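Computed from a prediction, not measured in an experiment: that's the story for all the values here. One is the number of the first residue; the rest follow in order along the sequence.
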Amino acid sequence: MFAVLKTGGKQYKVQSGDVLRVEKLAAEAGETVQFNEILMLDGQVGAPIVDGAAVQATVIDQIKGDKVIHFVKRRRKHGSQRTKGHRQQLTLLRVTEILASGGAETGVKAAIGAGSVAGAPAAEPKAAKAKAPKAAEAAEAAGDDLKKLPGVGPAMERKLHEAGVTRFAQIAAWTDEQVAAMDTRLGLKGKIVNDGWVALAKDLAGKA
């Protein structure tokens with residue numbers, strides 16, 4: 001019995017006892033792994049895979065392929081050349097069994113590539129990301145309308161939110177040192193004092 005399996009984007013025709021090299025799998029030497037993407041089993045062609053079929057193999061070793069030299073030289077560019085070497089990481093396997101059915105019930109570890117996303121943490125669903133508001137937007141939703149202060153538009157209000165200022169009561173409690181520090185941080189050039197933000201914020205805080 002022979003089977004055609006798919007792994008690492010390549011197809012391999014195998015029989016029991018065959019030794020083959022495939023792109024590196026997440027498995028240790030001595031482990032048994034199972035290939036579940038079987039495209040053909042004897043004369044039976046899958047659609048696209050053969051239901052229930054599987055190929056089991058024992059990992060012999062993790063090895064590297066032959067070195068491949070990649071040389072690039074660009075014409076008419078003085079000294080523009082580069083040489084790179086590469087050795088593909090591979091897994092050496094011995095096919096132990098070909099199953100025509102019951103592959104899903106064996107409980108044998110699936111043959112997964114070492115770089116497979118299956119081992120990576122799951123990405124946060126887009127819906128969850130959409131529900132998580134940005135810090136500035138959350139502050140805007142929970143705080144006062146700072147645009148009531150002279151010279152404060154949407155852009156300046158956003159900067160205040162980013163600085164942690166969301167309520168009139170916070171501005172009303174600023175000391176002279178805090179006023180100077182915030183004026184410098186936001187590049188207001190004396191606007192806080194000249195426009196009387198602190199006094200106006202005290203009045204607005206009392207009305208909130």
Side-chain angles (χ1 to χ4, degrees), residues 1-138 158 162:
M1 180 184 294
F2 75 89
V4 177
L5 62 87
K6 181 180 179 181
T7 180
K10 300 181 179 66
Q11 299 177 14
Y12 302 86
K13 181 180 178 182
V14 300
Q15 292 179 308
S16 183
D18 285 354
V19 174
L20 68 154
R21 302 190 305 173
V22 300
E23 290 197 17
K24 187 175 181 180
L25 301 175
E28 301 293 334
E31 279 191 274
T32 298
V33 295
Q34 180 171 297
F35 296 93
N36 296 311
E37 284 192 86
I38 310 303
L39 307 180
M40 180 182 291
L41 187 66
D42 279 345
Q44 183 182 358
V45 179
I49 62 174
V50 180
D51 290 336
V55 172
Q56 294 182 358
T58 301
V59 177
I60 299 173
D61 199 5
Q62 299 287 4
I63 61 175
K64 288 185 178 182
D66 298 332
K67 181 175 286 188
V68 178
I69 302 298
H70 180 226
F71 177 74
V72 176
K73 182 170 182 174
R74 295 177 177 84
R75 296 176 60 194
R76 303 185 187 91
K77 290 189 177 181
H78 179 69
S80 178
Q81 60 185 44
R82 181 180 63 184
T83 301
K84 292 177 65 177
H86 173 71
R87 294 185 68 186
Q88 180 68 41
Q89 293 188 334
L90 304 169
T91 298
L92 191 64
L93 301 158
R94 184 184 302 278
V95 177
T96 56
E97 190 171 1
I98 297 176
L99 304 176
S101 61
E105 290 81 34
T106 62
V108 177
K109 176 180 177 179
I112 299 174
S116 172
V117 295
E124 184 181 354
K126 291 184 179 179
K129 290 184 178 180
K131 291 180 181 178
K134 296 180 181 178
E137 293 173 351
R158 187 162 51 251
E162 291 171 354

Practice task
Could you tell me whether the side chain of Leu90 reaches within less than 4.5 Å of the side chain of Val22, counting heavy atoms only?
Solution key: no

Practice task
State which residues pass side-chain contact (heavy atoms from CB on, under 4.5 Å) with Val95; sequence neighbours excluded, sorted by chain then number.
Solution key: Val14, Asp18, Leu20, Val55, Ile98

Problem - Pairing residues for Thr58 by the side-chain contact (heavy atoms from CB on, under 4.5 Å) criterion, not counting sequence neighbours - result: Thr32, Thr96

Exercise for the section: Please list all pairs passing the salt bridge (charged side-chain N to carboxylate O under 4.0 Å, His left out) test where one or both residues lie in residues 35-55, with sequence neighbours left out. Expected result: none

Exercise for the section: Enumerate the residue pairs fulfilling salt bridge (charged side-chain N to carboxylate O under 4.0 Å, His left out) with a member in residues 90-112, sequence neighbours excluded, ordered by first and then second residue. Expected result: Glu31-Lys109

Handout entry: Spacing of Leu93 atom CG and Tyr12 atom OH [to the nearest 0.5 Å]
Key = 9.5 Å

Fill in the blank from the handout: Separation between CD (Glu23) and CD (Gln89), nearest 0.5 Å, reads 10.5 Å

My understanding is that only residues two or more places apart in sequence, or in another chain, count here; which of them pass side chain to side chain donor-acceptor pair (under 3.5 Å) with [X]?
X: Gln15; value: none
X: Gln34; value: Asn36, Gln56, Thr106
X: Gln88; value: His86

Just list the side-chain donor-acceptor pairs under 3.5 Å for residues 61-68, sequence neighbours left out, or say none.
| unit_1 | atom_1 | unit_2 | atom_2 | d |
| --- | --- | --- | --- | --- |
| Gln62 | OE1 | Thr91 | OG1 | 2.6 |
| Gln62 | NE2 | Leu25 | O | 3.2 |
| Gln62 | NE2 | Ala27 | O | 2.6 |

Practice task
Can you see which heavy atom on Ile38 is nearest to which on Ala3, and at what distance?
Solution key: CG2-CB, 4.2 Å

Exercise for the section: For residues Ala54 and Gly103, report the shortest heavy-atom separation together with the two atoms involved. Expected result: CB-CA, 3.9 Å

Handout entry: Residues which pass salt bridge (charged side-chain N to carboxylate O under 4.0 Å, His left out) with Lys84, listed by chain and number, not counting sequence neighbours
Key = none

